[in-house]
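Note that this is a predicted model, so its numbers are computed, not measured.
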Amino acid sequence: MEHLVRVLQTDRSDSEIIGYALDTLYNVISNDLEEEEQDDSEEENSPKQVDDLGSQFTEIFIKQQENVTLLLTLVEEFDFHVRWPGVKLLTSLLKQQGPQVQQIILVSPMGVSRLMDLLADSREVIRNDGVLLLQQLTKSNAAIQKIVAFENAFERLLDIITEEGNSDGGIVVEDCLLLLQNLLKNNNSNQNFFKEGSYIQRMKPWFEVGDDNCGWSAQKVTNLHLMLQLVRVLVSPTNPPGATSSCQKAMFHCGLLQQLCTILMATGVPADILTETINTVSEVIRGCQMNQDYFASVNAPSNPPRPAIVVLLMSMVNERQPFVLRCAVLYCFQCFLYKNQKGQGEIVSTLLPSTIDATGNSVSAGQLLCGGLFSTDSLSNWCAAVALAHALQENATLKEQLLRVQLATSIGNPPVSLLQQCTNILSQGDKIDRRGSKVQTRVGLLMLLCTWLSNCSIAVTHFLHNPANIPFLTGQIAENLGEEEQLVQGLCALLLGISIYYNDNSLENYRKEKLKQLIEKRIGRENFIEKLGFISKHELYSRAAQKPQPSFSSPDHMMFDHEFTKLVKELEGVISKAIYKSSEEDKKEEEVKKTLEQHDNIVTHYKKVIREQDQELEELKQQVNTLKSQNEQLQTTVTQQVSQIQQHKDQYNLLKVQLGKDNQHHNSHSDTVQMNGIQVEEVSKLKEELEEWKNKHELLQGQLREKDSLIEKLKPLQLETGTEQSSQTSKSSGLEHNNELQKELEMLRTQIQLQSAEITKLQAENQKLQVMNTSADPALGDSSATAAKNLELEGRLVQEVKDLKNEVKALSEEKASLKQHLDSSNSTVAILQDEKSKLQQEVAESKKEQDDLLVLLADQDQKLSALKNKLKDLGVPGCWIYQSCFLNLSWQLARKLPLGRSVQRLKMRMILNLEIKQMKMRMGMKRSKTNVLSCVTMKTRLHC
């Protein structure tokens, strides 16, 4: 093994030898070959030896964690000869030493992510073996399950299932479903992720079964079975209630429950698929009111159509149906009634006299349950009793209503109540011949009676009213029977304890104290408690308490119901305490119970009030919302109207401004119109102000009169004081009094003057207001004249508006013609500007050429002076020197002329050529004055 590992480490580049090394290690560690050989051999100890050998080799390999890390890197290789044997070897290691290898992969960097890439491999062999590898990797390891789920495993696996044909696919679909179960089972995080990722909706096509259901292949049955189990994993009762409820709602909304009900009512479906479908539907509807209501509305495709519940109950009470199917139907019925008071009421109502169909054409659920309860098949008795007990679970009103049920036992005999009939069958015991276990029937009936009587004092009173019931129970408990009968004794003790605990002492002969004394005399308290403990100590009781689904290996083991085990746990301790309590304690307990009941009644009353208030609040909130919306709409309309009014005002003001210039010569008429246009409200305001001013004026006049009267009174007093002053000047007190009176008189005079000024002012204002009032009154009274004037003004305004519109139209036409003229003038201006720019460019070029010619002339002048000096030195005459130099200069100037002036250039060259010819002819002649003159004339011509 060390050499093989070294090969894996050192020969990474050689894919062939790496593949052989991995195959060799796989053959060493795997048990597949040995297991095939074991099928032929008959040795018993060989499987253990092979298992031990494979696990030993695996332990040696994984002892060095680097070996597993090396294997993970090799699995990343794309080469088929390396990747495939690496996947098989890693799968074998996980089979042999799963937890250890899982831990190594978990701690290695990107270990799980590398293996997830196998699902995306285009080669089906590697992809399928990758699914098997992930199956082994995700077993019982929540951490790896979460990593795999968040690596998009659900999406890839569902895609593979769809590609393979859903339920019609092969074994690859089965492997994918097993891997999905590993990821979802008992993993709340992954279940939540699966639901939130909308993967439940993708499960619906799995259950689209056609009408032709004959000839199902074994693989299709297996696939559909696993698919149903996967649905049950999501809605299992062991999951948190919130997660289960959300998955149930999602299954209803996406149509998955409807599809399952279609399979449930379809024909030709294999028995095991039908059984598993019933169990799946049971858990999808369990505790979900919406799903339970839908299931109650499902009808079987029969003529006439029957409810699905009735059809299922017919299968449950039919002894020819398979045992597993009957258990599944019972579970479905229990889940339908779980926390479903509406469904419980519908079932019980089919037993009541007012709702029973007199014609007998249709069979109801209640009739089927009664038929199963009193049949000769013990399993039907047990199933019907448990189903009826679930219809009464935690519902005191239905327990009271069920007491009204009357049964016709035989012709000519009076009807018997259902409670009486149950106790009669229970007391007969072994006298009736039954198929199956005789204990099973009695256990079922006792469970029904215990459920019925618990927490229902009226039912206990009815039970105690029959004088044979208590002696029968005490007789059963007191006897020493075999092990099979011990369970019946324990249930009888429980029923008797319920009769004591929930007894309201309405019957004198069966009061609590008397029943306790009866137990103490005939059974003994210790013996009674011991017999009561037989129930919880029984093995079948502990099995039934584990999960709600009734799963039994055989009909004989079908003894206890899950919900009944909860009731036993609740009542066992309470009954034990009640047996040992004294009468005083009972009285105190009854008082406490009464107070608690009163408290509960008060609480329920307030709850009802709160519910009503909540409903009213909701209604008021809705009304507020509607009013808010209406208010918003009205506000928008108001704002729109305000804006329209503002627009109209603006238009009116514009027209007013436009017409103001034309109406200047009508000022006097407009003044009268404005006076006539005073509104009624303004006039009323003016009248009110006038009344106020009148009242103030009257008040001031009253004050003025008082002051005048006071002055008149003071005048004689002033005269008296004057005489006293002249006669009694010696008295200082009189003088002081006289001074004070004079001061007071002066102050009064000043006040009178001020008030008289104020009165005159108010009188003037009053006169003005009266004038305004007199001018306003005739204006208001003469309404007909103002109306005529208004009409005349409106006509004139309309005519003036028309004239203005015509003027505006003429101005707009003139504006259009001016615009056209302006456009044409703009175009001509643009053309002239272009020509101007071209001319400016030519002028600039000509200036540049002139500058260049001047520079050339300067250069040539220097050259000419240099050549003159040379010719003088050589002895050449002066005229020839001048003529030759000038010709040379002229020729060079002609060459330098620009190409743009071609005509001038040609003329210049022609003249020069002629001059040169003449000069050559003259060169042979003698020098004379005429030559000099000719040179001078040519020079002048050329300059010109």
Side-chain angles (χ1 to χ4, degrees), residues 647 650-651 653-655 657-662 800-871 879-920 922 932-944:
Q647 288 175 2
D650 295 339
Q651 290 175 2
N653 290 327
L654 284 170
L655 287 170
V657 169
Q658 288 175 1
L659 296 172
K661 295 176 182 178
D662 298 331
E800 286 174 359
V801 167
K802 284 181 180 178
D803 295 338
L804 285 169
K805 283 183 178 177
N806 293 327
E807 286 179 10
V808 168
K809 191 175 181 182
L811 287 169
S812 63
E813 289 174 357
E814 190 177 350
K815 184 183 174 183
S817 63
L818 286 170
K819 193 176 183 182
Q820 288 179 356
H821 183 66
L822 183 65
D823 291 338
S824 62
S825 63
N826 285 334
S827 62
T828 54
V829 166
I831 293 163
L832 289 171
Q833 282 180 352
D834 291 338
E835 289 179 358
K836 181 184 175 184
S837 62
K838 287 179 182 178
L839 287 170
Q840 285 176 352
Q841 191 175 0
E842 287 179 4
V843 167
E845 287 177 357
S846 64
K847 282 183 179 179
K848 189 177 180 182
E849 287 172 3
Q850 286 177 4
D851 294 337
D852 293 341
L853 285 170
L854 286 170
V855 172
L856 259 173
L857 284 171
D859 292 341
Q860 293 300 327
D861 195 12
Q862 289 178 2
K863 286 181 182 179
L864 279 172
S865 62
L867 287 169
K868 280 181 184 179
N869 294 328
K870 282 184 181 180
L871 288 170
C879 67
W880 296 110
I881 291 165
Y882 185 81
Q883 192 171 7
S884 62
C885 290
F886 188 77
L887 284 171
N888 186 18
L889 175 63
S890 302
W891 179 252
Q892 285 181 2
L893 285 169
R895 286 177 64 192
K896 294 290 182 180
L897 281 172
L899 293 173
R901 300 179 182 180
S902 57
V903 179
Q904 294 177 5
R905 190 173 177 181
L906 285 169
K907 285 182 181 179
M908 189 74 177
R909 284 187 179 181
M910 286 170 66
I911 293 166
L912 287 171
N913 285 331
L914 288 170
E915 296 289 342
I916 288 163
K917 283 180 182 180
Q918 290 177 5
M919 288 296 296
K920 283 181 180 180
R922 291 171 186 168
V932 174
L933 289 168
S934 64
C935 287
V936 172
T937 56
M938 184 178 71
K939 172 188 171 189
T940 57
R941 199 185 312 131
L942 282 170
H943 270 294
C944 292

- Task: Just jot down the side-chain contact (heavy atoms from CB on, under 4.5 Å) partners of Glu835, sequence neighbours excluded, or say none.
- Result: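 Ile831, Leu832.
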State the [atom1]-[atom2] distance between [X] and [Y], to the nearest 0.5 angstrom.
X: Leu856; Y: Lys863; atom1: CG; atom2: NZ; value: 8.5 Å
X: Gln651; Y: Leu655; atom1: CD; atom2: CG; value: 7.5 Å
X: Ser846; Y: Gln841; atom1: OG; atom2: CD; value: 11.5 Å
X: Leu867; Y: Gln860; atom1: CG; atom2: CD; value: 9.5 Å

